[in-house]
Structures are given as structure tokens and as C-alpha cells.
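Note sheet for the following structure.
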Amino acid sequence: MKLLICQGGGALQGWPRVVFAPNGQPVVVPQVSPAALAEQAISEMGLSAPDIRLAPPADSPHGATIGFPVWMWTARREATVGPVTRTASAGSITVTATATLAKIDWSMGDGITVSCPGPGAEFTDGLAGQPSPTCGHVYRDLVAGGVAGIDATSRWEIRWSGGGQSAFRTMALTSSAQLPVREIRTLNTRGPR
């Protein structure tokens with residue numbers, strides 16, 4: 001019996017394997033499937049859930065005000081907004097996978113989910129009071145406990161091809177934040193008669 005350990009630049013790069021072969025028989029090195037290589041490439045992308053940014057910010061002492069616009073977006077990094085492409089190889093097989101951010105669904109803690117087609121526009125102070133052009137929300141009522149629990153879910157579309165195969169899959173990654181929601185009431189009083 002022969003013992004063969006395949007590793008490094010061999011046919012099973014990245015997957016050390018022990019192969020037993022009967023004496024006098026040729027060693028047949030098992031091949032890694034393209035789908036397994038695609039999973040390796042996808043795992044090396046380091047995709048992450050949205051890095052939540054809000055205006056007003058979640059750590060604001062007053063938070064959102066009923067009737068006023070809230071901006072939502074994610075910090076822009078390759079892992080949060082893509083696209084991300086990675087390649088994995090084993091022997092003669094090479095697989096390339098690309099992940100694209102399709103949208104971010106924002107569950108705003110008041111029963112409303114806002115679906116935004118991308119990472120969202122960043123807020124700047126000069127835009128105070130204006131609605132976001134790409135991803136915003138307006139609270140219409142107070143939320144339970146006065147703090148909205150916000151979940152942001154990135155919806156990734158991943159396509160891979162190589163080794164004579166190709167496929168498509170999706171991935172959802174969620175992060176959370178909390179945003180106080182307050183109400184401003186005006187009080188009208190009669191002036192002196």
C-alpha cells in the first residue's frame with residue numbers, strides 16, 4: 001500500500017489529503033468539485049452585514065423625531081457594498097466567484113420595512129431636514145419603549161463559474177442598531193386680551 005499526502009502546489013492545493021493506494025496500483029488523487037472551490041472563494045470574500053449609519057445617529061441623545069426624515073446607509077467598504085471577486089484553484093480547476101450587493105432591507109422597528117437598492121446616500125449637515133434621495137424613513141408614531149430596534153439586512157447575489165460549471169446563490173447578512181424616537185408637541189396659548 002502507498003501513502004500519498006497531497007498539499008501545497010499539488011492537485012489539491014488548500015486541501016491536504018491522505019490517499020491510500022494498493023501496492024502496484026496507480027495513485028488516483030481525488031479532485032475537488034467546482035462547487036467546493038466556489039464555497040472556498042465565497043468564504044474568502046469576507047462579506048459582512050451593513051455597517052449601519054443613521055442620521056440622526058443612533059447615539060444621538062434625542063434620536064429621530066416623528067414627522068422628520070431619517071437617513072439610513074452603510075459605511076462603504078468592499079465587504080459591505082462590493083462587488084467582491086475571489087478565485088480559488090485546485091489542480092487544473094479554477095473557479096471565480098463575484099458577489100454583488102443587490103439591496104439592503106431596513107426593518108425600522110415600527111412595523112415598516114424599507115427596501116433600498118444600494119448602500120444608501122451618506123448624510124451631510126447641509127442636507128438636514130431633507131429626505132434621503134435613496135434610503136430614508138419617517139416615523140409617524142412613537143415606538144414601544146421609545147427606542148426603535150433597527151435591523152439592516154444586506155441581500156447579496158453571488159455568481160460563480162469554473163471547471164465547466166456555474167451557479168447562482170444568495171446570501172443575507174443582518175446587523176442591528178437602536179434609535180430613540182421622540183415626539184415634539186407644540187402648545188398654543190392665547191395671548192393677553
Side-chain angles (χ1 to χ4, degrees), residues 38-86 97-160 167-193:
E39 288 304 314
Q40 179 189 354
I42 293 168
S43 69
E44 292 175 357
M45 291 178 176
L47 299 178
S48 69
D51 187 352
I52 294 177
R53 298 290 189 265
L54 301 169
D59 59 357
S60 164
H62 303 297
T65 301
I66 291 174
F68 286 83
V70 174
W71 290 48
M72 301 95 73
W73 71 100
T74 180
R76 285 165 168 73
R77 298 191 308 272
E78 181 184 53
T80 57
V81 300
V84 184
T85 298
R86 295 291 183 271
T98 298
T100 304
L101 177 64
K103 64 178 181 177
I104 299 177
D105 292 328
W106 297 80
S107 175
M108 299 305 295
D110 60 353
I112 303 294
T113 297
V114 180
S115 186
C116 299
E122 292 186 42
F123 175 82
T124 60
D125 289 343
L127 299 171
Q130 299 180 32
S132 168
T134 58
C135 192
H137 180 61
V138 175
Y139 287 97
R140 300 296 178 192
D141 296 295
L142 289 174
V143 298
V147 178
I150 297 173
D151 292 328
T153 301
S154 294
R155 309 286 181 184
W156 293 90
E157 295 180 346
I158 304 171
R159 291 175 172 79
W160 65 264
F168 169 82
R169 61 170 284 194
T170 60
M171 181 182 292
L173 299 170
T174 301
S175 56
S176 301
Q178 293 188 325
L179 181 65
V181 178
R182 67 174 180 165
E183 182 179 28
I184 296 178
R185 294 185 177 184
T186 58
L187 179 62
N188 295 323
T189 58
R190 291 185 178 181
R193 292 186 177 188

Is Trp106 close to Leu54 at the side-chain level, that is, under 4.5 Å between some pair of heavy atoms?
yes

Please report the shortest heavy-atom distance between Pro69 and Pro131, naming the atom on each side.
CB-CA, 3.8 Å

Nearest heavy-atom neighbours spanning Ala97 and Ile42
CB-CG1, 4.1 Å

Side chain proximity check, Asp110 to Asp141, heavy atoms < 4.5 angstrom
no

Separation between CZ (Arg86) and CD (Gln40), nearest 0.5 Å, reads 12.0 Å

Assess, by modelled atom type and distance only, whether the side chains of Thr98 and Arg159 contain a donor and an acceptor separated by less than 3.5 Å.
no

Measure the shortest side-chain to side-chain distance between Ile112 and Arg140 over non-hydrogen atoms and say whether it is less than 4.5 angstrom.
no

Less than 4.5 Å apart, side chain to side chain, heavy atoms only: is that true for Ser154 and Leu101?
yes

How many angstroms lie between atom CZ of Arg53 and atom OG1 of Thr74, to the nearest 0.5 angstrom?
7.0 Å

Give the C-alpha distance, both sets of side-chain angles, the deciding distance and a yes or no for side-chain contact (heavy atoms from CB on, under 4.5 Å) between Arg155 and Ser115.
CA-CA 10 Å; Arg155 309 286 181 184; Ser115 186; over 6 Å; no

Over all atoms of both residues, closest heavy-atom pair of Thr153 and Ala172
CG2-CB, 3.9 Å

Between Arg76 and Pro119 the two heavy atoms that sit nearest each other are NH2-CG, 3.5 Å

Kindly give the heavy-atom pair with the smallest separation between Leu179 and Tyr139, and that separation in Å.
CD2-CE1, 4.2 Å

What's the separation between atom OG1 in Thr170 and atom CD in Glu157, rounded to the nearest 0.5 Å?
8.0 Å

Pairing donors with acceptors under 3.5 angstrom, does anything connect the side chains of Ser176 and Asp151?
yes

Of all the heavy-atom pairs spanning Ala148 and Val143, show the shortest one and how long it is.
N-CG2, 3.6 Å

Could you tell me whether a side-chain N or O of Thr100 sits under 3.5 Å from a main-chain N or O of Ala102, the two making a donor and an acceptor?
no

Considering only heavy atoms from C-beta outward, does the side chain of Met72 approach that of Pro50 to under 4.5 Å?
no

With sequence neighbours excluded, residues passing side-chain contact (heavy atoms from CB on, under 4.5 Å) with Ala38:
Val95, Trp160

Hey, could you give me the SG/NE2 distance between Cys116 and His137, rounded to the nearest 0.5 Å?
11.0 Å

Flag the pair Pro133 / Trp71 as yes when at least one side-chain heavy-atom distance between them is below 4.5 Å, and no otherwise.
yes

Would a distance-only check, ignoring hydrogens and angles, find a side-chain to backbone donor-acceptor pair under 3.5 Å from Thr134 to Ala121?
yes

Give, for atom CH2 of Trp73 and atom CD1 of Ile52, the distance between the pair rounded to the nearest 0.5 Å.
11.5 Å

Does any part of the side chain of Ile158, heavy atoms only, come nearer than 4.5 Å to the side chain of Leu47, both counted from C-beta?
yes

